[in-house]
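Beneath this line is the structure, given in structure tokens, with notes to follow.
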Amino acid sequence: MMRFERVTKTFRRRGGHQVILDDVSIDLPGRMRLGILGRNGAGKSTLLKLLAGSEPVDAGRIVMEGAVSFPVGFTGTFHPMLTARQNLHFLCTVYGMDHAETAGWVEEFTELGPYFDMPVATYSSGMFARMAMASSFAFDFDIYLVDEAFEVGDTAFRAKCAAAFDARLHDASLILVSQNMDTIRRHCDCAAVMHQGRLDVFDRLDDAFDYYEATLLAPAEQRAPE
Ligand SMILES: Nc1ncnc2c1ncn2[C@@H]1O[C@H](COP(=O)(O)OP(=O)(O)OP(=O)(O)O)[C@@H](O)[C@H]1O
């Protein structure tokens with residue numbers, strides 16, 4: 001379940017405000033597979049941060065039922081000077097999971113070998129991405145937030161991520177940000193389009209895609225005076 005009650009979010013910028021959500025109210029009951037579309041800068045990543053609780057709304061209220069994930073594959077969750085195992089220890093404490101069992105699962109999944117016990121600051125970007133993806137699947141959330149994070153690692157690792165993702169989504173909700181309509185079609189059964197402070201939800205994917213394509217032709221700027 002996800003409900004927006006008159007939610008407004010803006011960012012200050014030179015000469016005015018960037019409007020992300022302008023007095024938006026929506027109500028999506030039950031389990032959902034929701035795709036979020038929007039042109040560059042529409043506010044999709046900001047929306048995920050609002051849902052994750054890492055960014056505050058200016059006004060209104062977002063109500064989510066169940067445990068909400070950090071964005072899947074998000075590397076900002078990890079402290080660079082701690083090892084993968086130490087980072088997971090911290091996350092397990094936050095989410096109330098068994099440390100040893102979770103670290104064991106992620107260690108096997110990532111195939112990082114000795115790097116698993118080295119500071120994550122020493123990882124290549126690919127290793128860091130593997131660690132972030134595996135950690136996202138290690139926790140049992142009710143709602144998974146995903147920001148176009150599927151293209152990580154080699155073919156074998158991607159297949160492993162897809163299987164873990166499917167298993168996790170079996171009885172969880174998904175909110176997936178993507179500008180790729182094929183990705184949304186593969187994973188979602190409804191979609192919302194962000195455009196100029198609005199968040200319009202469509203039950204039929206094709207209706208969302210038509211509207212999204214129309215927004216791509218709209219003028220780029222919407223600037224509210226200060
Ligand atoms: N912390 C911030 N302070 C000020 N402006 C911000 C901040 N975060 C995002 N913005 C601005 O808000 C707008 C929306 O950014 P956001 O990253 O949410 O868009 P997006 O739809 O995810 O874009 P893209 O598709 O390009 O990744 C952009 O104009 C961005 O510059």
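Only a predicted model underlies this, so the values are computations on that prediction, with no experimental measurement involved. Counting convention: from 1, in listed order, for ligands and their atoms alike.
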Do me a favour and list the nearest non-hydrogen protein atom to [atom] with residue, atom name and distance?
| atom | value |
| --- | --- |
| atom 19 (O) of ligand 1 | Gly43 N, 3.3 Å |
| atom 14 (C) of ligand 1 | Gly41 O, 3.3 Å |
| atom 27 (O) of ligand 1 | Ser45 OG, 4.3 Å |
| atom 6 (C) of ligand 1 | Phe11 CD1, 3.3 Å |
| atom 16 (P) of ligand 1 | Thr46 OG1, 3.7 Å |
| atom 26 (O) of ligand 1 | Asn40 ND2, 3.0 Å |

Should [X] and [Y] count as an ion pair when the cut-off is N to O under 4.0 Å?
| X | Y | answer |
| --- | --- | --- |
| Glu107 | Arg85 | yes |
| Asp140 | Arg168 | yes |
| Arg61 | Glu5 | yes |

Original post:
Hey, is atom 31 (O) of ligand 1 touched by any protein heavy atom at less than 4.0 Å?
Top reply: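 Under the 4.0 Å cut-off, atom 31 (O) of ligand 1 has no protein heavy-atom neighbours at all.
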
Please say whether [X] places an N or O atom under 3.5 Å from an N or O atom belonging to ligand 1.
| X | result |
| --- | --- |
| Gly38 | no |
| Lys44 | yes |
| Arg12 | no |

How does [X] reach ligand 1, by side chain, by backbone, by both or by neither, if only non-hydrogen atoms under 4.0 Å count?
| X | answer |
| --- | --- |
| Gln18 | side chain |
| Ile20 | side chain |
| Met194 | neither |

**OP:** Taking atom types as modelled, find out whether Asp142 and Ser173 have a side-chain donor-acceptor pair closer than 3.5 angstrom.
**Re:** no

**OP:** Classify the side-chain pair Thr8/Asp23 by whether it contains a donor and acceptor separated by less than 3.5 Å.
**Re:**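 Thr8 vs Asp23: no donor-acceptor pair found between side chains.
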
Original post:
Between Arg31 and Arg33, which heavy-atom pair has the shortest distance, and what is it?
Top reply: NH2-NH2, 4.2 Å

Original post:
Tyr211 vs Phe202 aromatic rings, parallel, tilted or perpendicular, using cut-offs 30° and 60°?
Top reply: tilted

Original post:
Parallel under 30°, tilted from 30 to 60°, perpendicular over 60°: which one fits the rings of Phe139 and Phe141?
Top reply: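 Taking Phe141 first and then Phe139, their aromatic rings sit tilted (interplane angle of 30° to 60°).
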
Original post:
Under 4.0 Å from any heavy atom of Arg39, which atoms of ligand 1 are there?
Top reply: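 In order of numbering, the contacting atoms are 21 (O).
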
**OP:** State the CG-CZ distance between Leu205 and Arg185, to the nearest 0.5 angstrom.
**Re:** 6.0 Å

